[in-house]
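Structure record follows, encoded as structure tokens.
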Amino acid sequence: MNSLQDLHKTASSFQTTAKMPVLFVGHGSPMNALADNAFTQTLHRLGLDIRNRQPPRAVLVVSAHWLTRGTFVAVNERPETIHDFGGFPQELFEMQYPAPGAPDVAQEVLAALPDAHPTDEWGLDHGTWTVLHHMFPEADIPVFQLSIDYHQPMTYHAELARQLQFLRRRGVLILGSGNIVHNLRQSMPKLMADDPTPYAWASEFDEWAKRKIDQRDLLALAHYQQAGASGPLAVPTPDHYIPLLYSLALAEPDDDIRHAYEAVEYGGLSMRTFVVG
């Protein structure tokens with residue numbers, strides 16, 4: 001698109017739809033892409049439910065694994081599958097998720113976020129494709145990503161998300177992908193020992209976050225350090241936590257919030273997944 005007139009023309013061509021739900025998914029290890037377990041079965045059911053309610057025209061993902069200075073929107077027509085990890089079986093590196101991009105919807109996002117920038121230098125990172133592989137295994141729904149400006153304060157992300165509310169009535173499924181509790185340093189000993197039991201502080205923070213999610217208390221969630229001693233342990237860096245703010249900020253007063261999956265695994269990794277609407 002070369003002008004604001006083109007952007008307006010594109011935006012006005014979309015039909016209004018019934019309101020789409022919003023998801024937050026605790027994506028966990030990339031190995032979940034290969035797994036058949038309670039978590040991945042939940043993702044499969046969520047995908048079927050969404051298709052049955054209203055098949056999305058596109059999926060917009062805010063992933064913990066695309067951190068930038070400034071806000072970027074991926075406009076690729078054919079986004080690549082990014083294998084942004086190491087030390088896993090070759091089978092995982094060979095997996096592809098060949099969903100088309102959504103450059104038309106990306107232009108709508110750019111029109112709504114005048115400070116955002118288009119880019120074709122990003123594809124689908126593992127916070128996106130390992131989840132969508134189970135939800136929409138046919139890879140037939142267009143997918144694109146919105147980056148996280150990692151240099152902004154926490155409240156910035158909720159404010160930005162609210163500017164995308166209109167997409168829910170344009171057939172776009174918005175998905176935040178991260179983990180509410182994500183402390184790999186503390187989790188590695190349990191991962192090495194194949195011990196899935198959670199630390200007390202991890203369960204405590206996960207339950208605190210659940211209460212604040214149900215209360216729609218974005219301000220408290222943005223100031224998670226005030227949750228007590230468990231806050232800094234659960235969120236040593238906010239990269240995996242920030243997508244939660246995007247998902248919850250898109251909730252409207254008449255939306256139900258349903259916790260589709262609840263577990264804290266391997267010490268300090270929350271797989272909590274919830275649906276808005």
Side-chain angles (χ1 to χ4, degrees), residues 22-30 59-76 79-86 106 109-110 112-132 143-165 167 174-187 202 205-206 209 212-213 218-227 230-250 268-273:
V22 179
L23 301 184
F24 174 80
V25 175
H27 63 248
S29 167
V59 181
L60 170 58
V61 181
V62 180
S63 167
H65 295 281
W66 191 17
L67 307 176
T68 55
R69 182 180 289 275
T71 299
F72 290 82
V73 182
V75 297
N76 318 46
E80 67 172 312
T81 303
I82 303 173
H83 299 87
D84 49 337
F85 42 70
V109 173
L110 288 163
L113 305 177
D115 293 330
H117 311 283
T119 183
D120 59 4
E121 297 182 357
W122 194 258
L124 306 179
D125 62 52
H126 82 264
T128 295
W129 65 264
T130 64
V131 171
L132 296 182
V143 183
F144 69 113
Q145 291 192 214
L146 173 72
S147 78
I148 293 173
D149 186 342
Y150 202 48
H151 302 272
Q152 295 288 350
M154 299 297 284
T155 52
Y156 167 89
H157 302 288
E159 293 165 2
L160 186 147
R162 291 189 182 102
Q163 297 176 61
L164 303 176
Q165 190 67 256
L167 291 172
I174 302 174
L175 188 157
S177 180
N179 293 98
I180 291 173
V181 180
H182 187 264
N183 190 325
L184 290 183
R185 182 184 295 273
Q186 295 282 343
S187 297
F205 186 83
D206 185 63
K212 298 306 178 184
I213 291 165
L218 275 164
L219 189 61
L221 288 163
H223 295 92
Y224 61 88
Q225 302 93 334
Q226 298 176 11
S230 64
L233 281 168
V235 189
T237 59
D239 46 332
H240 278 69
Y241 185 82
I242 289 171
L244 155 69
L245 302 179
Y246 280 83
S247 297
L248 188 60
L250 287 160
L269 190 64
S270 168
M271 301 299 292
R272 179 170 301 282
T273 295

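Just so you know, these numbers use all the heavy atoms, side chains as well, and skip hydrogens, waters and symmetry mates.
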Identify the heavy atoms of [X] and [Y] that sit nearest to each other, and give their distance.
| X | Y | answer |
| --- | --- | --- |
| Ser147 | Tyr246 | O-OH, 4.4 Å |
| Pro118 | Val75 | CB-CG1, 3.8 Å |
| Gln165 | Leu250 | NE2-O, 3.0 Å |
| Tyr224 | Val235 | CE1-CB, 3.4 Å |
| Pro243 | Ala64 | CG-N, 3.9 Å |
| Asp206 | Arg272 | OD2-NH2, 2.8 Å |

Between [X] and [Y] (side chain of the first, backbone of the second, donor and acceptor by atom type, cut-off under 3.5 Å), is there such a pair?
| X | Y | result |
| --- | --- | --- |
| Asp115 | Thr71 | no |
| Thr273 | Gly26 | yes |
| Ser187 | Gly268 | yes |
| Asn183 | Ala234 | no |

Might you work through the side chain to side chain contact (heavy atoms under 4.5 Å, CB included) test for Glu80 and Trp129, ending with a clear yes or no? CA-CA 10 Å; Glu80 67 172 312; Trp129 65 264; over 6 Å; no

Please round to the nearest 0.5 Å and tell me the distance separating atom [atom1] of [X] and atom [atom2] of [Y].
| X | Y | atom1 | atom2 | value |
| --- | --- | --- | --- | --- |
| Ile180 | His240 | CD1 | NE2 | 12.5 Å |
| Met154 | His223 | CE | NE2 | 9.0 Å |
| Leu175 | Leu60 | CG | CG | 9.0 Å |
| Trp66 | Asp84 | CH2 | CG | 12.5 Å |
| Leu110 | Thr119 | CG | OG1 | 10.5 Å |
| Leu219 | Gln226 | CG | CD | 8.0 Å |

Tell me, do [X] and [Y] make a side-chain contact under 4.5 Å, heavy atoms counted?
| X | Y | value |
| --- | --- | --- |
| Leu113 | Leu164 | yes |
| Val73 | Phe144 | yes |
| Leu244 | Ile213 | yes |

Evaluation steps, side chain to side chain contact (heavy atoms under 4.5 Å, CB included), between His182 and Leu269: CA-CA 5 Å; His182 187 264; Leu269 190 64; 3.5 Å; yes

For Thr128, enumerate each residue passing the side chain to side chain contact (heavy atoms under 4.5 Å, CB included) test, keeping only those at least two apart in sequence or located in another chain. Val61, Ser63, Leu124, Asp125, Leu132, Val143, Gln145

Test of understanding: with ring pair (Phe, Tyr, Trp, His ring centres under 6.0 Å), list the residues that count as partners of His126, not counting sequence neighbours. His27, His65, Phe85

Which residues satisfy the side chain to side chain donor-acceptor pair (under 3.5 Å) test with Tyr241, sequence neighbours excluded? none

Can Leu146 and Leu160 be said to form a side chain to side chain contact (heavy atoms under 4.5 Å, CB included), step by step? CA-CA 11 Å; Leu146 173 72; Leu160 186 147; 3.9 Å; yes

